[in-house]
Amino acid sequence: MSAMISRQVLQASAKRYGLLRFITAGSVDDGKSTLIGRLLFDSKGIFSDQLEAMSQTRYRHSMDDAIDLSLLTDGLEAEREQGITIDVAYRYFATPKRKFIIADTPGHEQYTRNMVTGASTADAVIILIDASKVKLNDNGRVTLLEQTKRHSVVAYLLQIAHVVVAINKMDLVNYDQTVYTHIVQAYQEFAQQVGLENIRAIPLSALTGDNVVASGDKMPWYQGPTLIEWLESLSVYDDCHDKPLRFPVQLVARHHGHEAHGFRGYMGRIEAGKVSKGDKLLVQPSGLNATVKDILMLDRSLESAAAGQSVTLLLEEHLDISRGDMFTAADHPARQLKTVTADVCWLSEEPLDPRRKYWLKHTTNQVAARVTTIHALLDVNTQQKHPVNTLQLNDIASVTLNMQRPLIADAYNMNRSTGSFILIDEITHQTVAAGMIRLNGSGVENAS
Amino acid sequence: MNTADKKHLIDAAGNHYLDWLESEAIHIMREVAAECSNPALLFSGGKDSVVLLRIAEKAFHPGKFPFPLVHIDTGHNFAEVIEFRDRRTAELGEHLIVRRVEESIKRGTVRLRNPETDSRNAAQAITLLETITEFQFDACIGGARRDEEKARAKERIFSFRDEFGQWNPRAQRPELWDLYNTRLHPGENMRVFPISNWTELDVWQYIAREKLALPSIYFAHERQVISRNGFLIPLTDLTQIQKNEVVETRIVRFRTVGDISCTCPVASDAATVEAIIAETAISRVTERGATRMDDQASEASMEHRKKAGYF
Ligand SMILES: Nc1nc2c(ncn2[C@@H]2O[C@H](COP(=O)(O)OP(=O)(O)O)[C@@H](O)[C@H]2O)c(=O)[nH]1
């Protein structure tokens with residue numbers, strides 16, 4: 001008993017490896033729910049009462065007596081009635097090495113918006129391909145399905161750091177290495193076209209569990225890591241700490257009156273880089289210089305703090321700084337942009353109206369903005385670009401926006417936090433678009 | 001469990017993911033303070049809201065909280081929890097607003113078939129909405145977590161409620177990166193869940209790391225209970241003992257604290273935070289599944305209650 005507890009306890013504490021957020025992308029019936037169910041189940045994340053609730057579930061998809069792993073992940077009654085999933089759901093599990101958050105997004109064509117949402121916070125993506133659905137042409141080559149291409153393009157645009165292609169349902173193709181190799185070859189070629197890097201491929205069966213958590217004995221020809229081993233090994237502390245400082249001011253705290261001795265703290269989260277006591281910083285957009293007097297975390301004073309930490313900065317100088325301003329590294333300031341070129345994904349049923357202005361939320365700033373030009377719509381299925389006059393739900397396009405006040409920003413591929421924004425409808429207050437700032441012709445511009 | 005393992009587990013100081021979760025929660029609270037005009041923090045005395053208070057301290061120190069604490073009191077409470085709620089509020093020197101389901105019953109806005117014994121958990125939603133209207137709150141910060149229950153797995157961090165206080169899963173705003181859309185029309189409001197991404201185990205590890213005090217009923221104690229449908233029903237003034245049922249004294253603890261008429265303890269001798277962490281790590285039953293009769297009534301009951309304005 002005690003041995004068991006300590007193993008589990010180690011599993012739960014997942015100390016050094018931090019947290020990994022990933023997304024699963026696949027089309028209906030590729031086995032996404034089964035795979036997630038398998039990950040939760042095999043990592044002992046499935047709690048026994050959820051299993052009980054499942055066997056009483058009224059809307060059965062199959063007559064199968066075995067537990068249908070995909071039912072574990074179906075959320076709302078509205079969805080079970082229709083047998084579909086309509087939104088992003090978040091799932092949690094842990095292994096001895098690390099904790100995971102899965103953004104579980106449905107694969108229907110009309111839900112690009114959900115994948116974009118899930119991908120926005122993901123460090124890794126699992127792209128599922130159903131091996132039994134892929135046809136081998138006469139010339140021995142494989143044609144990938146449109147949805148596989150669509151998911152890959154979104155992963156590229158959202159700049160997900162790590163990509164794994166999971167070739168699923170290997171049991172249905174006799175665990176045949178040739179099938180696997182052909183699919184991987186076709187995928188590699190396609191990935192190169194799109195600009196996706198760091199691809200890993202894994203043959204698996206979500207249903208039987210081969211190569212998900214354990215290797216199994218069906219595919220001795222595959223020597224690589226299992227899916228979970230791969231997920232456990234990914235580094236997420238990328239170069240975030242080495243990048244120049246970005247500290248958007250969230251709140252200004254004033255205490256003990258307004259005299260010179262009063263406390264004035266600048267609260268926020270460090271989005272990139274490090275800050276130490278004594279550092280000389282730039283305040284943007286004012287261009288003023290500031291010296292860090294202290295870094296506070298509750299009642300502790302820190303010598304330095306790094307990306308990811310929420311802290312309060314005190315300065316030597318008395319400056320006029322407010323929410324929306326940004327502290328940056330003096331030798332590597334952020335760009336100051338009155339107009340930006342960006343890739344946007346349209347998230348609303350109501351199309352873009354270029355005559356209207358929208359609220360643009362970027363870091364801790366909100367400014368009025370207008371789309372002045374739509375350069376090209378990207379057809380995510382064919383990767384073709386088309387001229388258009390407006391944007392509809394799920395469209396992805398390259399546009400230029402004009403802002404009332406400049407943004408203090410970076411390119412999205414340099415920094416996700418300072419390179420992303422959302423658009424909010426002035427009247428309905430809906431979130432209507434997600435945007436990624438492009439400064440150097442990457443993204444849609446570059447998609448071939 | 002040997003001491004080395006225990007130390008490894010409790011000594012979460014270098015625990016990156018707890019730091020990450022904490023920093024995310026602080027960031028969310030500061031966004032509320034910056035962008036919402038009249039927020040409140042729902043404080044019940046339960047463990048999740050105790051974590052919220054700690055996050056608020058870290059977010060706003062050395063200042064006071066930029067919002068009052070609010071408790072929607074069903075009137076069916078564990079005395080220890082109410083005592084703890086008042087003590088903790090006084091220690092922090094923060095302002096606590098209490099509104100009672102009892103008052104809604106008197107007004108006639110809450111109707112119960114049997115006001116003495118019926119669960120008041122669902123009625124809580126009505127009193128909460130009345131409180132939101134009374135104080136014109138535009139955002140209520142709550143301690144709900146996505147791992148609690150499957151209707152919560154799709155919950156946003158900033159969860160939009162229409163002018164009837166209702167949650168419509170299809171009307172939720174997409175949430176990208178950590179850019180939260182806090183814009184509202186008059187009468188609409190937000191529920192904000194800074195610890196959405198925490199699991200029950202994370203909460204306990206955080207309580208251990210931060211040495212947070214909790215109501216005593218979270219720890220193993222002797223209690224008179226009745227076994228019914230796999231639950232241990234605590235014997236209270238409201239309990240109706242059925243034929244063939246026996247009252248027994250068991251060593252139990254609570255994993256959640258809610259309305260006494262529908263919150264059940266689990267058999268456990270875990271008397272310290274460390275022992276609870278060890279149990280939680282190997283537990284295969286979700287905390288609501290183990291302890292909440294109201295969630296068992298139908299498979300979609302949490303979804304239905306959320307639609308009606310529940311947390
Ligand atoms: N033979 C086989 N069937 C699978 C595998 N993975 C999933 N399936 C089946 O494929 C169907 C669709 O799976 P599901 O997980 O619901 O797909 P989703 O729509 O992508 O979530 C179900 O009947 C699964 O049992 C696999 O590896 N092998």
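Chain letters run A, B, ... following the sequence lines, proteins first and then strands; every chain starts at 1.
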Where on [X] is there a heavy atom nearer than 4.5 Å to chain B: the side chain, the backbone, both, or neither?
X: A/I427; value: backbone
X: A/V311; value: backbone
X: A/T363; value: backbone
X: A/I422; value: both
X: A/S417; value: neither
X: A/L158; value: side chain

Go through the atoms of [X] and report whether side chain, backbone, both or neither lie under 4.5 Å from a heavy atom of chain A.
X: B/F60; result: both
X: B/E22; result: side chain
X: B/N197; result: both
X: B/E175; result: backbone

Could you state the interatomic distance from [atom1] ([X]) to [atom2] ([Y]), rounded to the nearest 0.5 Å?
X: A/K99; Y: B/L21; atom1: NZ; atom2: CG; answer: 7.0 Å
X: A/T364; Y: B/H27; atom1: OG1; atom2: NE2; answer: 7.5 Å
X: A/S120; Y: B/D178; atom1: OG; atom2: CG; answer: 8.5 Å
X: A/Y92; Y: B/T199; atom1: OH; atom2: OG1; answer: 9.0 Å

Among the listed options A/M267, A/M297, A/Q430, the residue most often paired with chain B at heavy-atom distances under 4.5 Å: A/M267

Pair A/R21-B/W20, side chain to side chain contact (heavy atoms under 4.5 Å, CB included): steps then yes or no: CA-CA 12 Å; A/R21 303 191 70 162; B/W20 186 90; 3.5 Å; yes

B/E91, CD atom: more than 12 neighbouring heavy atoms under 6.0 Å: yes

Flag, side chain of A/T117 to backbone of B/L176, donor-acceptor distance under 3.5 Å: no

Under 3.5 Å donor-acceptor, A/T431 side chain and B/R173 backbone: no

Check against side chain to side chain contact (heavy atoms under 4.5 Å, CB included), B/L179 and A/H362: CA-CA 7 Å; B/L179 295 170; A/H362 168 260; 5.8 Å; no

Heavy-atom closest contact (B/W177 atom, A/F421 atom, distance): CZ3-O, 3.6 Å

Minimum heavy-atom distance B/S23-A/G308, with the two atoms named: OG-O, 2.5 Å

Close side-chain approach of A/L298 and B/R54, heavy atoms under 4.5 Å: yes

Cationic N near anionic O, under 4.0 Å, A/R91 to B/D147: no

ring-ring contact (aromatic ring centres under 6.0 Å, His included) involving A/H429 - partner list, sequence neighbours excluded: B/H185

Donor on one side chain, acceptor on other, A/Q366 and B/R183, under 3.5 Å: yes

Test log, rule side chain to side chain contact (heavy atoms under 4.5 Å, CB included), inputs B/D19 and A/Q309: CA-CA 8 Å; B/D19 289 338; A/Q309 285 185 279; over 6 Å; no

Salt bridge (charged side-chain N to carboxylate O under 4.0 Å, His left out) partners for B/E35, two or more places apart: A/R323, A/K361

Side chain to side chain contact (heavy atoms under 4.5 Å, CB included) between B/H61 and A/D299, intermediate numbers included: CA-CA 7 Å; B/H61 183 86; A/D299 41 12; 4.1 Å; yes

